[in-house]
Number of protein chains: 2
Amino acid sequence: MTANILVVEDEAAIQELLAFNITQCGYRAIEAYDADGAWTHINHELPDLILLDWMLPGSSGVELARRLRANQRTRNIPIIMLTARTDERDKILGLESGADDYITKPFSPRELMARIRAVLRRRAPQMSDETVVAGGLELSPTMHRINANGVMIDLGPTEFRLLHFFMTHPERVYSRSQLLDHVWGDHVFVEERTVDVHIRRLRQALEPSSFDSLIQTVRGSGYRFSSS
Amino acid sequence: MTANILVVEDEAAIQELLAFNITQCGYRAIEAYDADGAWTHINHELPDLILLDWMLPGSSGVELARRLRANQRTRNIPIIMLTARTDERDKILGLESGADDYITKPFSPRELMARIRAVLRRRAPQMSDETVVAGGLELSPTMHRINANGVMIDLGPTEFRLLHFFMTHPERVYSRSQLLDHVWGDHVFVEERTVDVHIRRLRQALEPSSFDSLIQTVRGSGYRFSSS
DNA sequence: CGATGGTATGACAGAATTGTGACAGTAGCA
DNA sequence: TGCTACTGTCACAATTCTGTCATACCATCG
């Protein structure tokens with residue numbers, strides 16, 4: 001979830017400002033002061049987004065952008081150009097070189113972060129938006145709803161993710177810690193018993209439609225979503 | 001999606017070149033050879049973008065640009081100025097007259113198309129003129145009106161666009177970001193919470209007719225327009 | 001049958017998210 | 001030029017969601 005943002009900027013003051021704002025928003029800022037340094041970082045680890053200064057010592061930002069676009073491995077990394085020039089023409093050149101967006105200095109931190117979020121959002125991997133059908137239920141991620149024989153069921157965020165996971169992995173027993181990994185995320189630390197509570201809440205929501213029996217307890221092992 | 005581009009240019013050779021490139025890129029080129037001809041076309045059908053020669057017989061391009069900007073109906077049509085002059089002062093004049101961009105002759109077709117795409121990309125999304133019926137409401141873009149079981153509801157511009165979007169995309173949950181992109185436009189940078197405020201204003205307007213429940217909050221995800 | 005280990009439930013406080021009223025700056029309009 | 005309506009933001013209120021407990025419940029086994 002935390003995106004790595006590579007900031008390529010030679011002016012230390014601006015670099016610092018950018019890093020501060022980026023960190024503030026919950027992203028991780030990786031610093032580079034020229035194209036070569038940036039390239040080294042990129043070869044070490046692919047960032048999720050590159051914030052690239054137009055004017056850089058050595059090869060320019062545009063050049064780096066072109067290089068990124070030419071390389072198969074780095075082709076899809078979104079780039080936001082950072083330029084002091086207000087000349088519209090330069091902006092266009094920046095876009096043509098493969099940048100996804102550009103912003104002129106001086107910029108407001110708010111606008112910058114808005115653009116970063118916008119770009120990340122556009123490039124965000126499409127998670128399975130497909131409607132899932134299982135056990136007589138129909139779960140639609142886009143509508144964020146469950147259709148139980150014509151009756152619509154609304155769930156809270158966690159219960160929704162939980163049911164979604166179960167419906168996409170039916171007939172199989174999952175331990176509490178496996179469920180925590182898949183539904184909550186690998187990194188979060190919560191008590192295993194918390195799963196029990198959410199299972200109950202999910203059953204409670206499915207009870208009016210008598211679909212609560214779909215979620216079965218396997219004593220000593222975990223839970224299972226099963227039609228039988 | 002195919003944008004109509006009005007090309008106002010008196011030299012036939014350039015006109016032809018422009019039309020060729022524009023068509024090549026999948027847009028539709030409408031030709032005009034002077035300001036009057038352009039005006040006639042504009043009154044007949046609003047183009048999505050105007051490519052305007054600086055020097056025109058009769059009234060100049062700048063004059064036409066001013067006229068376009070002075071008129072409410074044509075105010076938001078993006079304009080790209082086409083000029084042979086490289087004089088910086090003229091550039092400024094061109095931009096001040098309301099042009100969104102300018103390009104000096106001779107220009108490369110590639111650069112021109114880049115600018116056209118960039119300007120079109122910045123443009124706020126247009127809504128269709130068709131009357132939409134959903135959830136018991138009837139929204140007429142041409143009359144800028146909502147009919148709620150015979151009761152007419154007036155909305156501000158933003159609330160109207162918001163409701164229009166919802167009614168044309170019912171049952172589906174949209175995040176605040178997505179709503180900003182679709183209703184405000186990709187290039188607009190406002191706080192996500194601003195969406196909440198407009199949702200409230202929209203609900204408030206729909207409340208007297210008890211249609212406010214059509215807009216549902218999906219906690220953690222966004223909002224949804226749904227009849228159920 | 002009672003002991004034991006595992007599971008279900010209800011209650012809760014804190015966290016996170018959303019709803020609202022107010023406000024200042026702008027744009028549109030007469 | 002004033003006036004009115006519309007917008008985007010805030011701060012604060014209201015609501016919902018989460019993770020944990022303590023306790024009740026239940027199956028299994030000695």
Side-chain angles (χ1 to χ4, degrees), chain A residues 1 25-26 108-111 113-114 117 144 153-164 173-181 183-185 187-207 212-224, chain B residues 69-76 98 124 144-145 153-164 173-181 183-185 187-207 212-225:
Chain A
M1 196 60 230
C25 282
S108 77
R110 199 175 68 71
E111 181 182 358
M113 295 321 296
R117 277 195 297 272
H144 207 275
I153 299 175
D154 284 304
L155 295 173
T158 305
E159 280 76 53
F160 191 84
R161 287 200 310 275
L162 184 57
L163 180 57
H164 185 262
V173 180
Y174 287 93
S175 71
R176 292 177 174 70
S177 76
Q178 283 178 313
L179 289 172
L180 282 178
D181 281 352
V183 179
W184 275 256
H187 55 290
V188 294
F189 174 73
V190 290
E191 293 290 324
E192 291 202 342
R193 289 269 150 244
T194 300
V195 175
D196 297 34
V197 180
H198 283 279
I199 289 284
R200 173 177 58 86
R201 287 171 180 157
L202 182 50
R203 282 172 171 160
Q204 220 161 39
L206 296 176
E207 197 173 20
D212 56 310
S213 58
L214 285 172
I215 294 166
Q216 297 153 6
T217 303
V218 180
R219 190 180 176 83
S221 299
Y223 298 95
R224 171 180 53 200
Chain B
R69 286 296 180 256
N71 190 305
Q72 167 65 30
R73 216 166 57 88
T74 59
R75 179 163 299 167
N76 293 316
H144 203 274
R145 250 188 177 170
I153 298 174
D154 282 312
L155 294 174
T158 304
E159 279 77 53
F160 191 84
R161 287 201 309 277
L162 184 57
L163 181 57
H164 183 264
V173 176
Y174 288 93
S175 69
R176 293 174 175 71
S177 291
Q178 289 175 311
L179 289 173
L180 282 178
D181 281 353
V183 178
W184 276 255
H187 61 295
V188 177
F189 297 100
V190 292
E191 292 291 325
E192 291 201 343
R193 294 293 261 96
T194 299
V195 174
D196 296 33
V197 179
H198 283 277
I199 288 284
R200 173 175 59 87
R201 287 171 179 158
L202 182 50
R203 281 172 172 159
Q204 225 161 34
L206 296 176
E207 197 173 20
D212 57 310
S213 59
L214 285 172
I215 294 165
Q216 298 153 5
T217 303
V218 180
R219 187 163 254 265
S221 296
Y223 296 95
R224 171 179 53 204
F225 181 93

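Residue numbering restarts at 1 for every chain, and letters A, B, ... go by the order of the sequence lines. The analysis underlying the following values was restricted to heavy atoms, covering all of them including side chains, and did not include hydrogens, waters or symmetry mates. Just so we're clear, the structure is a prediction, and the values are computed from it rather than from any experiment.
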Original post:
Are the side chain of A:Arg203 and the backbone of A:Ile215 linked by a donor-acceptor contact shorter than 3.5 Å?
Top reply: yes

Subject >> Donor-acceptor contact present, side-chain A:Arg161 to main-chain A:Val183, <3.5 Å >> reply: yes

Original post:
With under 30° as parallel and over 60° as perpendicular, where do the rings of A:Phe160 and A:His144 fit, or are they tilted in between?
Top reply: parallel

Roughly, in whole Å, what's the span from [atom1] in [X] to [atom2] in [N]?
X: A:Leu180; N: D:dT20; atom1: CG; atom2: C1'; result: 14 Å
X: A:Glu191; N: D:dA22; atom1: CD; atom2: P; result: 11 Å
X: A:Trp184; N: D:dC17; atom1: CH2; atom2: C1'; result: 12 Å
X: A:Phe160; N: D:dT16; atom1: CZ; atom2: C1'; result: 17 Å
X: A:Leu162; N: D:dC17; atom1: CG; atom2: P; result: 15 Å

Subject >> N or O in side chain of B:Thr194 less than 4.0 angstrom from D:dT9 OP1/OP2 >> reply: yes

Original post:
Say you draw a straight line from CG of B:Leu180 to NE2 of B:His198; how long is it, rounded to the nearest 0.5 Å?
Top reply: 9.5 Å

Subject >> Point-to-point distance, once rounded to the nearest 0.5 Å, from CZ of A:Arg200 to CG of A:Leu202 >> reply: 11.5 Å

Subject >> Listed nucleotide nearest any side-chain atom of B:Thr158, set D:dC21, D:dC17, D:dT7 >> reply: D:dT7

Subject >> Contact pattern, 5' to 3', of nucleotides 12-21 of chain C - B, S or - by protein heavy atom under 4.0 Å >> reply: ----BBBBBB

Subject >> Residues, nucleotides or ligands: over 12 heavy atoms within 6.0 Å of B:Arg145 CZ >> reply: no

Subject >> Sugar-phosphate, base or nothing in reach of A:Glu159, heavy atoms under 4.0 Å >> reply: sugar-phosphate

Taking all non-hydrogen atoms of both residues into account, name the closest pair between [X] and [Y] and its distance.
X: B:Ile153; Y: B:Ala205; value: CG2-O, 3.9 Å
X: A:Arg176; Y: A:Arg193; value: NE-NH1, 3.6 Å
X: A:Val173; Y: A:Ser221; value: CG1-CB, 3.8 Å

**OP:** Tell me which of A:Leu155 and A:Phe189 sits closer to the 5' end of DNA chain D, going by the nucleotide each one is nearest to.
**Re:** A:Leu155

**OP:** Name the residue closer to the 5' end of DNA chain D, choosing between A:Glu192 and B:Gly156 according to the nucleotide with the nearest heavy atom.
**Re:** B:Gly156

Subject >> Inter-end axis angle, the helix from C:dC1-D:dG30 to C:dA30-D:dT1, with every axis fitted to five base pairs (rounded, 10 degrees) >> reply: 30°

